[in-house]
Amino acid sequence: MNPVASDSSPTSPGMGWVLKMAWRDTRRSRGKLALFAFSVIFGVAALVAVNSLRSNLETEVDRQSRALLGSDLEFRSSDSFDAETEAYFDTMNAIDEAREASLSTMALFTKSDQTRLVSLRAMEGGFPWYGTMDTRPENLDLDPARGRVALVEESLRIQYDLEIGDSVQIGKSEFQVIGELLRLPGESSFGSSFSPRILIPYAYLEETELLGFGSRQSYKRHFVFENGVDQALNSSLLSNEREFRSKGIRFDTAEEQKEDIGKMLNEMTSYLSLVGFVALLLGGVGIAGAVQVYLKEKSESMAVLRCLGASVRSSMMVFCIQIFAIGFIGCLLGSILGVAVQAALPKIVQSFVPFELEFEIVWTSLAEAFLFAWALTLLFAFLPLLPLRNLSPMRAIRSSMGVQAGRRDWLVWLTTGLIGLIALVFSILQTEELDEALGVFGGIVLAILVLAATGMGLRGLLWRASPRSLPFVWRQGLSNLYRPNNRTVSLIVMIGMGAFLVYTLYLCEVSILKRGEINDQDDKPNTVFFDVQSDQVDTVKQLAEARGTELKFHDAMVTMRLTHLRDEPVGRLRRSRDLERWALSREYRSTYRSELRPHEPVIAGTFVSSFSLDSEEPIPISVEERIVEALDLSLGDRMNWDIQGFPVETVVSSIRQVDWKQMQPNFFVVFPSGVIEEAPANHMIAFKANGTDTIARLQGDVVKRFPNVSSINLSMVLETLEEVFDKVGFVVRFMASFTILTGLIALVSTVLTSRYQRVRESVLLRSLGASVGQARRIMAVEYFLLGGLGSATGIGLSLAGAWAMTTFVFEIELFVPWLVTIGSIVAIGALTLVTGMLNSLGIAKRPPIEALRYE
Amino acid sequence: MNDSVVLSLSNVSKTFTSGDRALEVLKESSLEAKTGESIAIVGPSGSGKTTLLGICAGLDAPTNGEVRLDGELLNEMSEDERSQMRNLYVGFVFQNFQLLPTLTALENVMVPLELRGESNVETAAEELLEKVGLAERMHHYPVQLSGGEQQRVAIARAFINRPKIMFADEPTGNLDSDTSHSIVDLLFDLNRDAGTTLVLVTHDRELAKKTDRVLRIDQGKVTVER
């Protein structure tokens with residue numbers, strides 16, 4: 001024998017040994033480490049995929065918004081731009097610009113000798129630079145070199161059976177039809193249904209001699225810049241906005257357009273952020289559970305190492321390195337899976353989203369998700385590891401010895417604080433709103449406290465008032481919840497948090513999707529007729545009735561202009577900087593009704609349903625809140641109108657808030673019934689017809705009879721919208737499934753943490769004569785109560801959480817599917833029970849002595 | 001055996017508190033162990049044997065009194081300094097063997113030297129395993145070894161750093177009588193060869209008889225039985 005001399009100078013084992021030991025030590029625990037990795041993988045995958053999808057969506061929304069505007073910047077005015085404004089345009093250093101003038105006029109189709117009110121657009125320049133102007137034949141333009149040419153709206157071509165080469169007379173000039181206009185960036189086909197468009201080269205507008213005549217004109221100027229609207233230009237625009245407004249000039253940038261693209265996508269990205277956040281937190285719960293299970297077995301090895309002379313630092317480092325490495329591997333695999341999911345997403349969702357979704361690895365999102373997840377993973381894992389610093393080496397000779405109790409472990413508190421801080425920073429980054437982030441974070445902390453209080457309450461209640469008359473199995477099961485080494489509080493917190501986070505997410509999801517659903521579609525109109533003249537209304541209604549359709553709404557639109565506001569002539573007020581010029585000079589299309597519709601509630605004053613012209617009082621009208629803002633209106637203000645030559649005096653009696661997203665005609669001004677019915681009006685009449693055939697036939701009936709009347713098939717629009725919502729819902733559910741998967745793993749690892757304690761106890765009971773069935777039933781009682789109470793409290797809290805999220809973040813109404821809610825409480829409780837019982841299956845079959853040895 | 005004292009305890013007591021209650025497990029006990037000496041600590045269950053062993057080995061700190069190992073006062077040492085003392089001067093044999101389950105027999109034996117930062121320790125470990133009769137089982141994991149074999153590995157591990165003092169906690173407690181005999185012989189042979197002081201805790205009267213001295217502990221008080 002040649003033992004090493006005991007007096008050789010001691011050195012610390014060094015990193016080499018620690019690394020070697022860390023590797024060796026994983027040999028028999030790789031399954032448990034895999035559970036740790038699994039908790040990480042799906043959380044990170046969800047996070048990476050959600051973050052990247054979010055970036056993708058944002059990029060697409062950005063691209064889409066540019067295509068919607070067709071340029072970087074657009075100016076609009078009802079007058080031609082003055083010299084001062086033109087000079088300002090010159091200072092913007094645009095790389096290209098285009099001009100457009102539009103006006104409503106009659107077009108005469110010479111072949112059929114029929115006329116139609118159209119929206120005439122005179123265009124010049126390279127617009128659109130983003131998106132395309134779709135024409136048939138393709139790639140047509142309005143180059144002045146082509147001469148007097150016109151692109152006509154597809155509906156006009158069909159209605160008047162136009163062919164290429166046919167003529168259309170506009171004003172004093174005749175234009176040759178060169179093709180159809182299918183789509184123009186920035187304009188929806190819905191809008192053009194009101195008034196079909198005809199496009200001509202700007203150079204020939206003057207020849208029509210329409211400028212300056214009665215018809216309402218508007219002018220647009222489009223600009224494109226090398227780097228879009230930069231900070232300097234944006235500041236300049238904002239500082240001149242007031243000046244522009246005073247001249248009746250409005251502008252839109254691609255950025256503003258992006259903000260306007262619709263609340264739905266914003267809601268979805270907020271929601272997806274929440275998915276990422278929840279996935280990460282649930283992953284953390286899973287990690288803490290998995291590491292606790294892992295270390296449960298390792299504490300004895302650690303004590304032995306300490307007996308053999310390993311320092312606290314060296315022995316802790318062995319496990320730290322394992323956690324670092326498995327955390328890194330888990331996060332790496334999660335990132336790869338996340339990127340794979342994200343790569344697959346465009347294929348899956350391509351047909352579902354209303355824009356081209358291209359796969360793009362967003363490295364910043366990836367790195368952000370990876371680093372956050374890794375840091376949070378390590379901190380969650382350190383929570384159960386840190387107390388082992390205080391593990392007594394005596395544990396090697398006395399198994400009852402554990403972590404030296406006593407003083408509070410400041411490192412555990414520090415780690416908990418860091419988790420909180422990282423979660424807060426993360427939620428700020430994900431929600432991009434400090435208020436929302438604080439709300440989400442505070443909600444989670446509050447939920448933990450409520451769950452902990454519930455656990456402590458249950459423990460205290462059972463300890464004081466555990467029924468003695470219950471059968472042995474129940475008594476034993478209940479006492480497990482309050483006797484020493486119980487894990488009641490921690491399990492209820494963990495199960496409850498899982499239920500709370502997943503179900504809050506679910507409730508937000510269904511509420512968002514519920515909002516997107518086109519409710520009671522069967523009850524909505526599907527055919528709308530526009531431009532119906534007053535003398536045509538009855539016939540149109542008769543034709544519709546003959547086709548078995550149901551009248552849904554009928555609105556008369558009376559055009560009028562404001563002449564006096566608060567007894568001051570509008571001409572003088574135009575110079576005022578406090579009032580918006582567009583609201584003073586626009587042509588109002590107002591209606592009259594005896595009652596308001598549900599989507600336009602009165603927010604101030606009282607709506608007057610009918611009035612008589614015989615009264616000497618001014619007519620009480622209801623105005624929309626945007627006009628109130630633009631004209632600085634208050635209840636009782638007088639407004640004088642010119643209704644096609646007839647002066648009318650009105651007074652503001654109520655203010656309405658209109659939901660403009662409703663597919664119904666909405667009005668700035670609503671008159672009471674009984675006063676302007678005799679004024680010349682255009683009517684919009686909507687019906688619900690059965691089937692597309694009926695719609696087509698009815699459209700044919702009406703158009704043949706009244707060529708001036710236009711019609712739109714709303715059911716097609718609704719179908720498209722519904723399809724989009726369905727598919728958005730699919731993406732949302734697909735991503736949320738990752739969070740649910742992580743939640744399940746967290747549940748398994750949570751239940752596993754209590755396994756060792758309970759298995760040992762059930763084995764002891766069996767050695768005292770309990771049957772396997774009794775031992776299992778005792779465990780079942782415990783898991784049933786923990787799972788049931790945890791899930792009920794968690795889901796109860798999620799109702800409050802989802803209410804807060806839907807009210808303050810998404811600003812929508814909370815929808816609670818009660819049956820699913822109750823089902824979820826039962827399902828999570830049952831899942832806890834099943835997981836707990838599955839855990840114990842293998843052990844319960846062993847004879848007590850073998851199981852004791854095993855333990 | 002020479003007369004130099006390797007281990008000395010003077011007026012050592014240990015009190016555990018549980019809630020408001022204090023339980024004095026060890027009461028003002030003193031003992032000395034000289035180089036090469038073998039001592040058995042006997043006593044009924046719950047008498048404080050394991051507590052005494054833990055304090056002697058520097059695994060636990062006494063509430064009062066002094067503990068010196070190779071002349072160094074353990075009381076004032078930090079946890080890591082005590083670990084270093086154990087690594088340099090102490091060997092352990094446990095009742096339930098306490099091999100690291102993820103390490104092979106050879107790796108288990110190597111650990112104490114690896115902890116010193118020494119390299120090329122494989123040869124020394126192999127020689128010790130041959131000495132304890134496990135030349136053929138070096139690369140087996142603890143679960144692949146019988147109880148006796150596991151305890152042999154543990155003994156080899158305890159001797160690898162040539163300790164000045166060896167603590168054995170019921171070394172035959174989990175073994176059958178045939179295996180116990182061979183383990184006891186091995187322990188005493190190696191101890192004699194290396195000139196190590198041996199302190200063992202046992203219920204086994206026969207085993208206690210083999211030691212130079214027997215100390216009895218009862219209700220926390222240590223007395224000399226032989």
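First the proteins, then the strands, lettered A, B, ... as listed; each starts at 1. FYI, side chains are in, hydrogens and waters are out, and symmetry mates aren't considered; it's all heavy atoms of this structure.
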Heavy-atom donor-acceptor pair, [X] side chain to [Y] backbone, under 3.5 Å:
X        : Y         : result
Asp80(B) : Val312(A) : yes
Gln98(B) : Ala396(A) : yes
Arg27(A) : Thr102(B) : yes

Run the salt-bridge test on Glu114(B) and Arg24(A) with the 4.0 Å N-O cut-off and return the result as yes or no. yes
Tell me if the CD atom of Gln219(B) is crowded by more than 12 foreign heavy atoms within 6.0 Å. no
Given heavy-atom pairs under 4.5 angstrom as the criterion, report whether the side chain, backbone, both or neither of Thr51(B) touches chain A. both
Under 4.5 Å from any heavy atom of chain A, what part of Val143(B) do you find: side chain, backbone, both or neither? side chain
Measure the shortest side-chain to side-chain distance between [X] and [Y] over non-hydrogen atoms and say whether it is less than 4.5 angstrom.
X         : Y         : result
Arg395(A) : Leu59(B)  : no
Leu305(A) : Val111(B) : yes
Pro393(A) : Glu79(B)  : yes
Ser83(B)  : Arg306(A) : yes

From [X] atom [atom1] to [Y] atom [atom2], the distance as rounded to the nearest 0.5 Å:
X         : Y         : atom1 : atom2 : value
Leu308(A) : Asn161(B) : CG    : CG    : 8.5 Å
Lys20(A)  : Met110(B) : NZ    : CE    : 5.0 Å
Arg86(B)  : Cys307(A) : CZ    : SG    : 6.0 Å

Mind ranking Glu81(B), Gln95(B), Glu170(B), Arg157(B) by heavy-atom pairs under 4.5 Å with chain A and telling me who comes out on top? Arg157(B)
Among Tyr141(B), Phe92(B), Phe167(B), residue most engaged with chain A (heavy-atom pairs, under 4.5 Å): Tyr141(B)
Which atom names give the shortest non-hydrogen contact between Asn87(B) and Gly309(A), and what distance separates them? CB-CA, 3.6 Å
